[in-house]
K.L.:
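Before we start, here is the structure in question, set down as structure tokens.
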Amino acid sequence: MADSLSLPIAPIAANYDRSSLLSRNSAFSSRLLPSKCFSSGKNKLNLSSLGQYSFHSLHHRVTPIRALDSDVPHPLHKGSVDFKSKKSYEQWDSLTSTFSGAANIPFLLLQLPQIILNARNLLAGNKTALLAVPWLGMLTGLLGNLSLLSYFAKKKEKEAAVVQTLGVLSTYVVISQLAMAEAMPLPHFVATSVVVGCGLILNLLNYYNILNRRIWQIWEDFITVGGLSVLPQASSFPAIMWSTFVPYIPNSILPGAIAFILAVAAVTMAHTGKLSEKGVKFVGAISGWTATLLFMWMPVSQMWTNFLNPDNIKGLSAISMLLAMTGNGLMIPRALFIRDFMWFTGSTWGTVSYGYANIVCLYIFNSIGREFFIAATVGLISWLGITLWRDTVVHEYESPIRTLKELVFGS
């Protein structure tokens, strides 16, 4: 789930060996185990003091995450893992991380053509050509990537955080080109640059646990308010919801203004103890979910445009749609493995509704051959099937239904 949809940390115990039962993605904190389990002054695990804590329970296994708890960083599983499945479990853990990191390749290939084309037009002095690129849509995608970067960095999902960082940087390059061509107002570009710079620095510091907790809370409040305000207003929402579905309604700042007021009220109530525990969790998950919904709406925009203007389908690139499908698809196994419902929803929606759905449209209107369509269809079904099957086997479940139940409802 990255910019392809125009395309969302607990302290780590220091100095443990990578080959230990604590896998590289674990987020153990010293407060999770008694102090006697750590060597004095070194914060290292003292295996001799772990008699009452079996190797089974120490094995890293993430808890199925409820939708409202999606931003919780790597909770430990409350049960245990059968020791005989340890190797296959860790192998799938490593593979899903690799798949997530590999998503950088199709996402980068998806954005590069636009960057190169813009550069050529700028060098040729053809600034008017860049007016065809909607800076508001690019800005919305960038803010979405920035919100999801904070989400994944907080969860210590390094590969997914790198994907979002790439999305932020590549989109910022395009926005910089638009500013150079005067296709984007300079004040907006300056403000965007400040937000992007601060966001990247704060996320880097927070990932390595060297950022003040209060500063991070302010940043989270900022992206929560910003994300909820942008959701109904930007990302072509006025053009889609207010103009596409109901063309005679003019663009308005009213949806964004209302969302802004509600977001500020929600954040204020959360900090002043006016909300229940469930309400506080909901507010904490807003930034990630709004960024996800923002990206999820973009495929709807494209499909609705295809329906209203079938001739525009000829302007779609089948390779671009395939890259979008592949990039998002590569992130599905990891989202399913750690039972992150928000991540799984966004990635699956991007894979099916943006990538594959547009490939279907291209096939219906004879813009691609049957072989291309069949290959994409078989590839997608096979990938989703293998992902679900492998996750079920690794967890030693009798049916994939339990996997999906954990994904949606938690443990």
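Only a predicted model underlies this, so the values are computations on that prediction, with no experimental measurement involved.
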K.L.:
Just by modelled atom types, is the M342 backbone N or O under 3.5 Å from a matching donor or acceptor in the W289 side chain?
P.N.:
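Such a contact is absent between W289 side chain and M342 backbone.
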K.L.:
Check V163 against A103 and note the closest heavy-atom contact, atom names and distance.
P.N.:
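That closest heavy-atom pairing would be CG2-CB, 4.2 Å.
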K.L.:
Taking the six-membered ring for Trp, are F337 and Y89 closer than 6.0 Å centroid to centroid?
P.N.:
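Yes, close enough.
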K.L.:
Will you find, in the side chains of Y151 and Q164, an N or O donor that is under 3.5 Å from an N or O acceptor?
P.N.:
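No donor-acceptor contact under 3.5 Å links the two side chains.
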K.L.:
Just so I know, are the side chains of V264 and F260 near enough to count as touching, which here means a heavy-atom distance under 4.5 Å?
P.N.:
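Yes, at least one pair of side-chain atoms sits under 4.5 Å.
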K.L.:
Between N203 and S150, does any side-chain donor sit less than 3.5 Å from a side-chain acceptor?
P.N.:
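On atom types as modelled, these side chains qualify, holding a pair under 3.5 Å.
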K.L.:
Can a cation-pi geometry be assigned to K156 and Y207, taking NZ or CZ under 6.0 Å from the six-membered ring centre and within 45° of the ring axis?
P.N.:
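The answer is yes, since K156 meets both limits relative to Y207.
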K.L.:
Is K155 paired with D340 through a side-chain N to carboxylate O contact shorter than 4.0 Å?
P.N.:
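Yes, D340 and K155 are salt-bridged.
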K.L.:
Taking side chain as C-beta onward, heavy atoms only, is Q177 less than 4.5 Å from Y172?
P.N.:
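No, their side chains stay 4.5 Å or more apart.
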K.L.:
Would you say that H188 contacts L139 through its side chain, given a criterion of any heavy-atom pair below 4.5 Å between the two side chains?
P.N.:
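No, their side chains stay 4.5 Å or more apart.
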K.L.:
Salt bridge (charged side-chain N to carboxylate O under 4.0 Å, His left out) with D391: which residues, sequence neighbours excluded?
P.N.:
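D391: salt bridge (charged side-chain N to carboxylate O under 4.0 Å, His left out) contacts with R339.
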K.L.:
Mind checking the CD-CZ spacing from E159 to R334? Nearest 0.5 Å is all I need.
P.N.:
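Reported to 0.5 Å precision, the distance equals 6.5 Å.
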K.L.:
At what distance, to the nearest 0.5 angstrom, does CZ of F372 lie from CG of L322?
P.N.:
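F372 atom CZ to L322 atom CG measures 4.5 Å (nearest 0.5 Å).
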K.L.:
Does any donor atom in the side chain of S147 or N145 lie under 3.5 Å from an acceptor atom in the other side chain?
P.N.:
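The criterion, which ignores hydrogens and geometry beyond distance, is not satisfied for N145 and S147.
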